[in-house]
Amino acid sequence: MTSKTIIAAALVAAVAHGVSGAEGSPSDSAAYYQRELKDRPQGVYEWPEKGLLFVQVHVPYLSDGSENLDANTLLAQHRELYAWLAARAGAKKVDPELPPGLDRARRLVRANYPTWEFTADWEYKLDGQAFSREEDGKRVACAVCDRKAVEATMPKAFLDPAPEATWLAGARELVGDCYAGRVNVPFMEQIGLFDCAEVCGRGKAPASGPATESAAYREYTEVARETADYLAASGLAKELRAAQKELENIASRPDVAYVAPPESFVTNVTVSVSTNRAVAANAVTNVAAVAFGGIAAVMPAGGTVVERRVRSDESIITTVETCMVVRTRRILVQRIVRDYRASPRFERLFLSGGREPNAAAARTERGKAAERAFFGACAPEERERLVLEALRENPGDKVLWNLYGRLLQNKKDWLGARICFRNALRLDPEYQFALTNLALTYQATGRRELAIAAAIVAYGVATDGWCKTQAEGVLKAK
């Protein structure tokens, strides 16, 4: 934040000499500046014994020379002085108690945008001593001010408590700056969104560092242990593990075919007895994708498994009949072996807890129909069947992962729901519905810190009214 009003006259006064209302002489200020502050970074520095402020800024030149350097220098000094005044106000003001979620938002906004809550108009005329020099393509300028005079200009509104909407708006701004459009793992860990940091970034939770000292991290490690137990022993995990095993071990299916070509006759004057004999066999391989839905009601990727059909000639049966003429009939006996190869990606992704690599895929017609059924007047069992069939067909559909998570939420299978939302967020870490539902899942299981972290990000990316309302509800929960 910067002052909303900057007096144009201050531009002229900025280069005036003498320190109005301050103790000490200009020569004292110049000596102190040269000795203590000349090479310091941009900022506001105090000389407590003299009651002076030194406002130093570094203003770069533009290569085309079009920059109004004096105006930009003055604007930069006002920004620094405004921030200093806001910090003084922040040290004095008394904050009202807020719900834990809004309090977290307030702390995050203040840490990243120190002047966010200070929006009142402010005016101050820089009419004191000034120093400047050119250095490495920039102007280094310092204005000297009387500290008491600056403090006297503090707007009363600076000391008023900021409304809740201020912190919600600041959180939205922060998420837009630090999360949207990128995989910013440090920010995810700073805010406590460890699910996204793991599935989209590191691949695992951090083992050390500042993030591991947070309450959110302690909750996250507890949930990770519970999830490992869930994947080892829950009924759903056992069903999916059995389905995965059966799909990966489909037995070959042998068959025999008899092929009779058009009859041909061969006359032979030699009389002989009937006999059967075999000749060399040939082999032909045919690989095709065929519909397969008869194994444990499992629908693999694409609604198909791959069938590898090997056709080989077992023998040729030759029948010789002794007649007035010799008639020979040939029947080709073929052995057909069907081998099936399945890829149970959905099962693997779920049983990995969201850690298995995955890639987004275009939505299918089956997936769109399942979504319509989910929000339609469909029986719960039918709704789940359709969503699961579509998800097995296309595990790269984030919408279906979110819908299956919703179904598990309805059953109060919170750990299973969390796994689904993690898989959806691996495909799209900005997916507002998965973020919102993850926050609601954590809230339902008493993981307040994790719920708040997910809700802040969900609120920050939300464009849907339901997501925004639900995320705000988590942040305002007592």
Side-chain angles (χ1 to χ4, degrees), residues 100-101 104 188 191-200 204-205 214-241 346-356 358 374 380-381 383-385 387-388 391 395 398-429 431-459 462 466-467 469-478:
R104 171 90 75 85
M188 293 173 180
I191 208 168
L193 190 61
F194 292 102
D195 287 284
C196 283
E198 180 181 347
V199 302
C200 302
K204 59 182 180 180
S214 66
Y217 183 78
R218 289 192 293 274
E219 289 183 355
Y220 191 75
T221 55
E222 292 173 2
V223 175
R225 287 194 294 269
E226 292 176 5
T227 301
D229 294 339
Y230 172 88
L231 290 172
S234 71
L236 177 58
K238 289 179 179 178
E239 288 178 12
L240 295 180
R241 194 172 293 109
F346 161 73
E347 286 78 6
R348 286 202 307 268
L349 289 164
F350 187 96
L351 293 172
S352 75
R355 292 188 175 93
E356 181 87 6
N358 196 12
F374 180 91
E381 297 80 7
R383 184 181 293 120
E384 182 168 346
R385 182 186 70 81
V387 169
L388 266 177
L391 190 53
K398 65 183 181 183
V399 175
L400 294 174
W401 278 111
N402 180 66
L403 295 181
Y404 189 46
R406 290 275 303 274
L407 291 169
L408 295 180
Q409 276 182 329
N410 293 340
K411 296 180 178 181
K412 300 190 183 306
D413 184 350
W414 305 113
L415 291 172
R418 171 181 177 261
I419 289 171
C420 292
F421 302 138
R422 280 164 59 90
N423 273 293
L425 291 170
R426 173 179 283 278
L427 297 170
D428 181 2
Y431 186 35
Q432 57 183 318
F433 292 97
L435 285 165
T436 303
N437 283 314
L438 182 66
L440 295 173
T441 297
Y442 278 136
Q443 184 183 51
T445 55
R447 264 59 184 217
R448 187 181 72 184
E449 298 301 316
L450 293 176
I452 289 171
I456 286 174
V457 179
Y459 187 85
W466 179 87
C467 291
T469 299
Q470 294 298 318
E472 186 174 341
V474 173
L475 295 177
K476 290 184 175 180
K478 300 295 185 180

Derivation and outcome, side chain to side chain contact (heavy atoms under 4.5 Å, CB included), residues V474 and Y459: CA-CA 10 Å; V474 173; Y459 187 85; over 6 Å; no
Closest non-hydrogen atom pair, [X] against [Y]:
{"X": "P395", "Y": "L349", "result": "CB-CD1, 3.6 Å"}
{"X": "P100", "Y": "K478", "result": "CD-C, 4.2 Å"}
{"X": "P429", "Y": "L435", "result": "O-CD1, 3.6 Å"}

Which atom pairs, one a donor and one an acceptor, fall under 3.5 Å between side chains of residues 230-241 and the rest of the protein, sequence neighbours left out?
unit_1	atom_1	unit_2	atom_2	d
Y230	OH	D413	OD1	3.1
Y230	OH	D413	OD2	2.7
S234	OG	Y230	O	2.9
S234	OG	A237	N	3.2
R241	NH2	L231	O	2.3

Taking the side chain as everything from C-beta on, heavy atoms only, tell me whether E449 gets closer than 4.5 Å to S214.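 E449 does not reach S214 side chain to side chain.
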Using the salt bridge (Lys or Arg N to Asp or Glu O under 4.0 Å) rule, collect all pairs that involve residues 222-234, keeping only residues at least two apart or in two chains.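 Non-adjacent pairs meeting salt bridge (Lys or Arg N to Asp or Glu O under 4.0 Å): E222-R447, E226-R447.
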By side chain to side chain donor-acceptor pair (under 3.5 Å) - contacts of R218 (at least two apart):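 Here no residue qualifies.
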Applying side chain to side chain donor-acceptor pair (under 3.5 Å), name anything that partners T441, two or more places apart in sequence or on another chain. Q409
When rounded to the nearest 0.5 angstrom, what distance separates [atom1] in [X] from [atom2] in [Y]?
{"X": "T445", "Y": "L440", "atom1": "OG1", "atom2": "CG", "answer": "10.5 Å"}
{"X": "Q432", "Y": "Q470", "atom1": "CD", "atom2": "CD", "answer": "12.0 Å"}
{"X": "L475", "Y": "I456", "atom1": "CG", "atom2": "CD1", "answer": "5.5 Å"}
{"X": "Y217", "Y": "L450", "atom1": "OH", "atom2": "CG", "answer": "12.0 Å"}
{"X": "N402", "Y": "D428", "atom1": "CG", "atom2": "CG", "answer": "11.0 Å"}
{"X": "E384", "Y": "L408", "atom1": "CD", "atom2": "CG", "answer": "7.0 Å"}

Going through the distances and angles, do K411 and L407 end up as a side chain to side chain contact (heavy atoms under 4.5 Å, CB included)? CA-CA 7 Å; K411 296 180 178 181; L407 291 169; 5.8 Å; no
Answer with yes or no after comparing the ring centroid distance for F433 and W401 against a 6.0 Å cut-off, counting only values under it.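 F433 vs W401: aromatic centres not under 6.0 Å.
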Output a table of donor-acceptor pairs, distance under 3.5 Å, between side-chain atoms of residues 416-426 and any protein atom two or more places apart or on a different chain; print 'none' if there are none.
unit_1	atom_1	unit_2	atom_2	d
R418	NE	D195	OD1	3.4
R418	NE	Y442	OH	2.8
R418	NH1	T227	OG1	2.9
R418	NH2	D195	OD1	3.1
R422	NE	G353	O	2.8
R422	NH1	D195	OD1	2.8
R422	NH1	Y220	OH	2.9
R422	NH2	E198	OE2	3.3
R422	NH2	G353	O	3.4
N423	ND2	I419	O	3.0
R426	NE	G354	O	3.1
R426	NE	E356	O	3.2
R426	NH1	V199	O	3.3
R426	NH2	V199	O	3.3
R426	NH2	G354	O	3.3
R426	NH2	R355	O	3.1

By side chain to side chain contact (heavy atoms under 4.5 Å, CB included), A454 pairs with (sequence neighbours left out) L193, L438, A439
Within the distance-only criterion (no hydrogens, no angle test), does the side chain of R104 pair as donor or acceptor with the backbone N or O of I191 below 3.5 angstrom?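 The answer is yes, because a donor-acceptor pair under 3.5 Å joins these two groups.
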